[in-house]
Amino acid sequence: MVLVGQLISHLGGGDGYISNEKATIMKKSFSFTMTLLCLLVLYSSSALAEAHLSFNGKQIILHRDGGQTLLSTDDYPPMRVKDSQGNELSNPAIWYCGVGSEEEEGKTPIGVAPGLYFFAEEGPQTGFIPNEEAGFCFDVRLSPGKKVMAVDTGTWVIRFWSFYTYPDFKELGQVSYLDTDDSNTLIWTGDTGSLISSIDDGGGKRSCEYDPCGPVSVTYYDFATQKSTPVFAGTDLCNYKLAGYNTETNEVEAEQLCLKSLQDWKLYPENAPTERVFKKLTTASQQ
């Protein structure tokens with residue numbers, strides 16, 4: 001109000017007096033101007049502080065507070081989305097980077113939301129999937145017709161295949177799976193579903209000295225119903241790992257491992273003999 005009085009005094013003449021009508025108009029004009037300036041400052045500050053990411057073809061770039069920072073490829077490695085056969089896409093490539101949250105949910109060390117950020121060969125992000133554990137994501141694949149995306153998520157012990165429509169990233173559910181280097185964890189049967197080496201992370205009746213304990217099953221996951229159907233159902237004595245799928249005969253191949261007793265499952269059966277078993281896939285989506 002002191003500033004308003006000074007302004008009125010300056011414009012009103014040497015004696016500092018003007019009419020009440022003019023004073024009211026000037027006060028309203030001044031108030032409107034100050035409100036507008038405050039809104040502009042708040043908008044500028046908000047726009048300046050909003051962090052976002054882009055990609056230069058080699059590294060992820062953090063844009064924050066008006067500056068740019070090249071993120072370390074050790075902490076934020078750009079990775080390429082794979083096709084349905086597990087090969088990296090090219091011409092054009094699709095890149096992604098996982099940003100995980102800190103101990104406080106919804107917070108990340110670099111100020112952006114936790115999740116998977118997608119990019120073309122260069123430029124701003126082209127897509128985003130929110131996920132608190134995105135920093136542990138090491139595999140993203142597209143279905144044969146590129147209509148569904150499978151995202152590897154979870155912790156080191158229990159992992160999941162999470163499914164989304166592509167390219168609009170609508171959730172289609174998830175299935176916990178057995179993470180091994182010696183067998184398939186996911187085989188597409190088309191754009192309607194997939195075969196997975198799924199795992200019961202509760203362990204069933206087994207009492208194991210390793211984690212996850214099982215049992216392991218081969219299941220078919222239907223994207224339309226978002227439900228799993230066992231093809232080879234694991235039991236307390238038997239595991240079934242996905243080994244293959246014949247698209248012509250619609251036949252699923254699994255590696256069967258059965259032990260004689262629950263006690264035999266206490267230690268991981270490193271060299272136990274296995275057997276290949278086959279079964280025709282007969283789900284609603286395949287008929």
Side-chain angles (χ1 to χ4, degrees), residues 81-86 89 94 96 115-116 118 127-134 136-155 157-180 183-204 212 214-236 238-256 277-287:
V81 174
K82 299 175 183 177
D83 63 17
S84 60
Q85 300 300 314
L89 287 170
I94 303 173
Y96 70 95
L116 285 175
F118 293 88
F128 175 71
I129 295 177
N131 190 295
E132 294 287 331
E133 298 168 345
F136 293 101
C137 176
F138 301 107
D139 199 353
V140 176
R141 306 180 189 181
L142 285 175
S143 63
K146 298 182 179 180
K147 295 180 179 179
V148 178
M149 176 174 281
V151 176
D152 166 50
T153 59
T155 62
V157 178
I158 302 297
R159 303 197 64 75
F160 301 90
W161 279 115
S162 299
F163 298 100
Y164 301 86
T165 58
Y166 185 80
D168 50 356
F169 302 112
K170 294 179 181 178
E171 294 184 8
L172 294 175
Q174 65 180 19
V175 180
S176 59
Y177 77 89
L178 177 67
D179 185 16
T180 63
S183 67
N184 293 302
T185 61
L186 169 72
I187 295 179
W188 301 94
T189 60
D191 293 320
T192 55
S194 64
L195 293 161
I196 302 169
S197 287
S198 62
I199 187 165
D200 176 4
D201 51 35
V216 179
S217 304
V218 173
T219 60
Y220 173 79
Y221 187 75
D222 189 296
F223 302 137
T225 63
Q226 298 185 27
K227 292 182 178 180
S228 295
T229 303
V231 181
F232 293 97
T235 67
D236 289 324
C238 295
N239 275 357
Y240 294 91
K241 292 196 297 185
L242 181 61
Y245 173 65
N246 189 317
T247 56
E248 294 182 0
T249 63
N250 209 28
E251 199 169 50
V252 182
E253 180 181 359
E255 181 184 86
Q256 175 185 267
V277 291
F278 302 84
K279 184 180 290 187
K280 203 172 188 69
L281 182 61
T282 55
T283 67
S285 296
Q286 295 294 314
Q287 295 174 354

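The figures here come from the full heavy-atom set of this structure, side chains too, leaving out hydrogens, waters and symmetry mates. None of the values given here were measured: they were computed from a predicted structure.
Counting heavy atoms from C-beta on, the side chains of K146 and L89 come closer than 4.5 Å. For the pair P215 and T235, the minimum side-chain heavy-atom distance is 4.5 Å or more. Side-chain atoms of W161 and S194, non-hydrogen and from C-beta on, never get closer than 4.5 Å to each other. When side chains are defined from C-beta on, R159 counts as touching F136, because their heavy atoms get closer than 4.5 Å. In this structure, the side chains of N246 and F278 stay at 4.5 Å or more apart for every pair of heavy atoms. The shortest side-chain heavy-atom distance between V252 and L242 falls under the 4.5 Å cut-off. Annotation: side chain of F118 is in contact with side chain of V81 (closest heavy-atom distance under 4.5 Å). S228 has its side chain within reach of Y221: a pair of non-hydrogen atoms, C-beta onward, lies under 4.5 Å apart.
Taken to the nearest 0.5 Å, the OG1 atom of T192 stands 10.0 Å off from the NZ atom of K147. From W188, atom CH2 reaches atom CD1 of I196 across 8.5 Å, with rounding to the nearest 0.5 Å. To the nearest 0.5 Å, atom CG of residue N131 and atom SG of residue C137 are 7.5 Å apart. Between I129 atom CD1 and Y96 atom OH the span is 11.0 Å, to the nearest 0.5 Å. Considering CG of D168 and CE of M149, their distance stands at 11.0 Å, rounded to 0.5 Å. Here OG1 of T185 is found 5.0 Å from CZ of R141. Values are rounded to the nearest 0.5 Å.
None of F169, Y164, F163 except one satisfies the ring-ring contact (aromatic ring centres under 6.0 Å, His included) rule with Y166; the exception is F169.
The closest donor-acceptor contact from the side chain of K279 to the backbone of V231 lies under 3.5 Å. Distance alone, capped at 3.5 Å, is enough to place a donor-acceptor pair between the T165 side chain and the K170 backbone. Formation of a donor-acceptor pair under 3.5 Å by the S176 side chain with backbone atoms of I199 is found in this model. At least one donor-acceptor pair under 3.5 Å links the side chain of N239 to the backbone N or O of V216. Side-chain atoms of S143 never come within 3.5 Å of backbone atoms of D191 as a donor-acceptor pair (strictly under, hydrogens ignored).
The two residues Q226 and G173 make their nearest non-hydrogen contact at OE1-N, 3.8 Å. Of all heavy-atom pairs spanning G234 and S217, the tightest one is N-OG, 2.6 Å.
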Given T282 and Y220, is the side chain to side chain contact (heavy atoms under 4.5 Å, CB included) satisfied, shown in steps?
CA-CA 10 Å; T282 55; Y220 173 79; over 6 Å; no
Show your working on side chain to side chain contact (heavy atoms under 4.5 Å, CB included) between D222 and T229 and close with a plain yes or no.
CA-CA 8 Å; D222 189 296; T229 303; over 6 Å; no
Criterion side chain to side chain contact (heavy atoms under 4.5 Å, CB included) on Y240 and Q256, from CA distance to verdict:
CA-CA 5 Å; Y240 294 91; Q256 175 185 267; 2.9 Å; yes
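In the displayed structure, K227 atom NZ is contacted under 6.0 Å by at most 12 heavy atoms of other residues, nucleotides or ligands. Residue K280 qualifies as enclosed at atom NZ: its count of foreign heavy atoms under 6.0 Å is above 12. With a 6.0 Å radius and a threshold of 12 heavy atoms from other residues, nucleotides or ligands, E171 has its CD atom at or below the threshold.
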